[in-house]
Protein chains: 2
Amino acid sequence: MRIGELAKRAGTSTRTLRYYESRGLLPARRSVNGYRVYGDDDLRLVEQIRTLQDFGFGLEETRPFVECLRAGHPSGDSCPASLEVYRDKLAELDALLDRLREVRAQVSARLAQAEAQAPPEPEPRCQLRG
Amino acid sequence: MRIGELAKRAGTSTRTLRYYESRGLLPARRSVNGYRVYGDDDLRLVEQIRTLQDFGFGLEETRPFVECLRAGHPSGDSCPASLEVYRDKLAELDALLDRLREVRAQVSARLAQAEAQAPPEPEPRCQLRG
DNA sequence: CTAGACCTTGACGCTGACGTCAACGCAACG
DNA sequence: CGTTGCGTTGACGTCAGCGTCAAGGTCTAG
């Protein structure tokens, strides 16, 4: 399979795949004319990357998963390094969630305060006369 | 007060203040020699911006607050436009929190699954013999 | 033979909020 | 008079993950 087909099958762009290759994820064999050639393994590999990216992982953080897959393991998280990334990301998510909850509370409080100061427009009633 | 002092008092950099000016927040009078000159109002203005930025507001989102302050209101959120931004940001925060909670659950589940597959190192016991 | 669809590399653009450097002016101190 | 420390504008660099364009090579169908 060539890069266009892989991109289509993975639901991404050729530019993205070439970018992954430039980062050392997703190496590709070349056919005689220089075209990149991929196998079905590579599709699974790209899907792994995309899934993690959707979770908010940076590309570098997907590397252990990718290398795990390329090492022949059935899934990208079958290796200790991947589990470490999971755990780090969980801690990061927890910290972020805490921060965002705190911010939400602050913003909410300030909104309430400001609304109390100068009350909102009193809900137009749509009466004919009044 | 000149830009260096304002920066120090606001806990930021001169570059940041010039950037705010370039974005139309924080206009400055000029002294004879071309130096920017600020008053205490401007300090409050910068503090307002920084507070909102710490909450994750983009610079553009701070504009209503800044204009509200410059219009003479006692606080930046005394104006309807600011309240609108608060409300939008709350909705945005709620959506983001939902997404992050979902991601957290997914990552947590995958971690548990992978740990069950290939259990972690069995907690070294520090025995002399065993 | 040629049009069109695919592929190649290389390079610049984008977003946000600045950091950092260059090259210069101005002011005060000794 | 020179140095030091402020100020000025302008312009390029940073981070991530690509998008987009340019200029060209390759392969296939008509």
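So you know, we letter chains A, B, ... as the sequences are listed, proteins then strands, and number each from 1. What you see below is based on every heavy atom in this structure, not just the backbone, and it leaves out hydrogens, waters and symmetry mates.
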Could you say whether A/V32 or A/Y20 is positioned toward the 5' end of DNA chain D, judged by the nucleotide with the nearest heavy atom to each?
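That would be A/Y20.
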Is [X] close enough to [N] that one of its side-chain N or O atoms is under 4.0 Å from OP1 or OP2 there?
{"X": "B/R30", "N": "D/dT9", "value": "yes"}
{"X": "B/S13", "N": "C/dC18", "value": "no"}
{"X": "A/N33", "N": "D/dC27", "value": "yes"}
{"X": "A/Y19", "N": "D/dG19", "value": "no"}

Between the protein and nucleotides 2-7 of chain D, list the N/O to N/O atom pairs that are separated by less than 3.5 angstrom.
residue	atom	partner	partner atom	Å
D/dG7	OP1	B/G4	N	2.5

I need the [atom1]-[atom2] distance between [X] and [N], as an integer number of Å.
{"X": "B/F57", "N": "C/dG16", "atom1": "CZ", "atom2": "P", "result": "16 Å"}
{"X": "A/R15", "N": "C/dC14", "atom1": "CZ", "atom2": "C1'", "result": "13 Å"}
{"X": "A/L25", "N": "D/dA16", "atom1": "CG", "atom2": "P", "result": "13 Å"}
{"X": "A/L6", "N": "C/dC7", "atom1": "CG", "atom2": "P", "result": "10 Å"}
{"X": "A/I49", "N": "D/dA16", "atom1": "CD1", "atom2": "C1'", "result": "15 Å"}
{"X": "A/R63", "N": "D/dG17", "atom1": "CZ", "atom2": "P", "result": "11 Å"}
{"X": "B/E61", "N": "C/dT15", "atom1": "CD", "atom2": "C1'", "result": "14 Å"}

Starting from the 5' end of DNA chain C, give me the residue, A/Y38 or B/R50, whose nearest nucleotide shows up first.
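Of the two residues, A/Y38 wins.
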Less than 4.0 Å between a side-chain N and a carboxylate O, is that true for [Y] and [X]?
{"X": "A/E60", "Y": "A/R63", "value": "yes"}
{"X": "A/K8", "Y": "A/E5", "value": "no"}
{"X": "A/E47", "Y": "A/R44", "value": "no"}
{"X": "A/D40", "Y": "A/R9", "value": "yes"}

Minimum heavy-atom separation for B/Y38 to B/A28, with atom names?
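The answer is CE2-CB, 3.5 Å.
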Can you see which heavy atom on A/G39 is nearest to which on A/R29, and at what distance?
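Distance-wise, the nearest heavy atoms are N-NH2, 4.2 Å.
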With sequence neighbours excluded, give me every disulfide (SG to SG under 2.5 Å) pair touching residues 10-60 of chain A.
none
Counting only side-chain heavy atoms from C-beta out, which of D/dT20, C/dA17, C/dT9 sits nearest to B/Q53?
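Between D/dT20, C/dA17, C/dT9, the one nearest the side chain of B/Q53 would be C/dA17.
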So what does A/R23 touch, heavy atoms closer than 4.0 Å: a base, only the sugar-phosphate, or nothing?
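Counting heavy atoms under 4.0 Å across all strands, no contact is made by A/R23.
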